[in-house]
Amino acid sequence: KAKDAGGGVYAAYHPNMHDALMQRLSLADDLRLALERDELVLHYQPTVDLSDNTIVGFEALVRWNHPTRGLVPPLEFIGVAESTGLIVPLGRWVLAEACHQAVAWGRPLKMAVNVSVRQFEAGDLAATVAEVLTETGMPADQLCLEMTESVLLTDTDENLARIVSLKALGVMLAMDDFGTGYSSLAYLRRFPMDVLKIDRSFVDRLGSGDAEDETLVHTIVRLGQRFGMRTVAEGIENASQVAILREMSCDHGQGYFLSRPVPAAEAGRLLETGLPTLAATN
Ligand code: C2E
Ligand code: MG
Ligand code: MG
Ligand code: MG
């Protein structure tokens, strides 16, 4: 953190910084072992077509099934994985596992996988994706890679070339958490993204009766449509948000109201039965 503060600035040393550092180091070691010991697991959150409530796909979300700490959420270890470079093998494992699962379900589904900046910029992601598609037999157009604005923020020719080679494989690309970064709308034009995911913080405010909050989301939906992108609303937590987003012709939705991320077996059951919450409100 002190280094993040800028050139030559070092925060005063506190005893608890040593603890924090030791914790990070042991986390990094543990994470390395976790990969070897197969302690990572994917949960799957359904993506729902808001026009007819059907499950059109899933987003794969990694968890660490830690022997003593239980199920650890990604935000507690993705950062360490990034700073140690472990994100590259971890990311490959996530890709392979998610594709493997999608193929095992045996029906046309979109499988979305999150890709972090470091994973995008280190190594040859396109080559990894190509390998995984071949290994698993996953059709390229069923895989969607989600990236945050920070990936596109470094608007270099190199990153553009990376995007282009991913697109050349036939996979879909999604802009995750749209609206939260230092959005330069220019990159919507420059990068060929297929899907725009409206961040939960905007969806959150829908249904409060505030017209400006609604206008904001409506405008983002239109923006996506005008750029020929599929629009997906994240973090839908109630029925009124579904109704408003449907009215706006937002294509797809995700959120606890529709379904929480669930283990593979449960996701498979949801595919058979459809979503219980929606069946009840129909
Ligand atoms: P994200 O890609 O934006 O994923 C959405 C997060 O919001 C997930 O948290 C999901 O469980 C949560 N969420 C979904 N619906 C709702 C809702 O209605 N309300 C609320 N409050 N939250 C909701 P999760 O699984 O903890 O993941 C957090 C972030 O960690 C993800 O954000 C993504 O950036 C990152 N992540 C997860 N899995 C991976 C992975 O395999 N690789 C990489 N690089 N990053 C990952
Ligand atoms: Mg995501
Ligand atoms: Mg997101
Ligand atoms: Mg988000």
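Indexing begins at 1, ligand by ligand and atom by atom, following the structure's order.
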Counting only heavy atoms closer than 4.0 Å, does ligand 1 sit against the backbone of [X], its side chain, both, or neither?
| X | answer |
| --- | --- |
| Glu59 | side chain |
| Arg63 | side chain |
| Asp177 | side chain |
| Arg260 | neither |
| Ile236 | backbone |
| Leu75 | side chain |

Please tell me if the side chains of [X] and [Y] come closer than 4.5 Å, counting only heavy atoms from C-beta onward.
| X | Y | result |
| --- | --- | --- |
| Trp105 | Met111 | yes |
| Lys197 | Asp177 | no |
| Phe77 | Val62 | yes |
| Tyr44 | Leu270 | no |
| Thr136 | Leu95 | no |
| Glu266 | His43 | no |

[X]: numbered ligand 1 atoms lying under 4.0 Å from its heavy atoms:
| X | answer |
| --- | --- |
| Gln45 | 14 (C), 15 (N) |
| Glu234 | 3 (O) |
| Ser116 | 44 (N) |

Next on the checklist: To check your reading of the site, what angle at the Mg ion (ligand 2) do OD1 of Asn114 and OE1 of Glu146 form, to 10°?
Outcome noted: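 Between OD1 of Asn114 and OE1 of Glu146, the angle at the Mg ion (ligand 2) is about 90°.
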
Item to check | Val62 N/O under 3.5 Å from ligand 1 N/O | outcome: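 Between Val62 and ligand 1, an N or O pair is found under 3.5 Å apart.
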
Item to check | Tyr256 N/O under 3.5 Å from ligand 1 N/O | outcome: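 Min N/O separation from ligand 1 is below 3.5 Å for Tyr256.
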
Next on the checklist: Quick check on Gly235 - does any of its heavy atoms sit under 4.0 Å from an atom of ligand 1?
Outcome noted: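 Judged by the 4.0 Å heavy-atom criterion, Gly235 does count as contacting ligand 1.
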
Checklist entry - How far apart are the C-alpha atoms of Phe58 and Leu271, what are their side-chain angles, what is the distance that settles it, and do they pass the side-chain contact (heavy atoms from CB on, under 4.5 Å) test? => result CA-CA 10 Å; Phe58 293 95; Leu271 275 178; 3.9 Å; yes

Look at [atom] and find which of [options] reaches it with the closest heavy atom.
| atom | options | answer |
| --- | --- | --- |
| atom 46 (C) of ligand 1 | Val113, Leu95, Asn114 | Asn114 |
| atom 37 (C) of ligand 1 | Pro74, Gly253, Ala81 | Pro74 |
| atom 22 (N) of ligand 1 | Arg200, His43, Gln254 | Arg200 |

Next on the checklist: I'd like to know if the side chain of Gln119 and the backbone of Val115 have a donor-acceptor N/O pair within less than 3.5 Å.
Outcome noted: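 No; judged by distance alone, with no hydrogens or angles, the pair does not exist.
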
Item to check | Of the N, O or S atoms in Asp176, the one nearest the Mg ion (ligand 2) | outcome: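 Within Asp176, restricted to N, O or S, the Mg ion (ligand 2) is closest to atom OD2.
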
Checklist entry - For the Mg ion (ligand 2), what is the closest N, O or S atom on Glu59? => result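 For Glu59, the N/O/S atom sitting closest to the Mg ion (ligand 2) is OE2.
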
Item to check | ILVMFWY cluster, Val56 and Met175 together (side-chain gap under 4.5 Å) | outcome: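 Looking at the clustering, Met175 is in a separate group from Val56.
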
Checklist entry - Under the side-chain contact (heavy atoms from CB on, under 4.5 Å) criterion, do Arg246 and Asn53 qualify, and how do the steps go? => result CA-CA 10 Å; Arg246 182 184 289 144; Asn53 295 343; 3.1 Å; yes

Next on the checklist: I'd like to check the salt bridge (charged side-chain N to carboxylate O under 4.0 Å, His left out) partners of Arg69; sequence neighbours left out, ordered by chain and number.
Outcome noted: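 By the salt bridge (charged side-chain N to carboxylate O under 4.0 Å, His left out) rule, Arg69 matches Glu76.
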
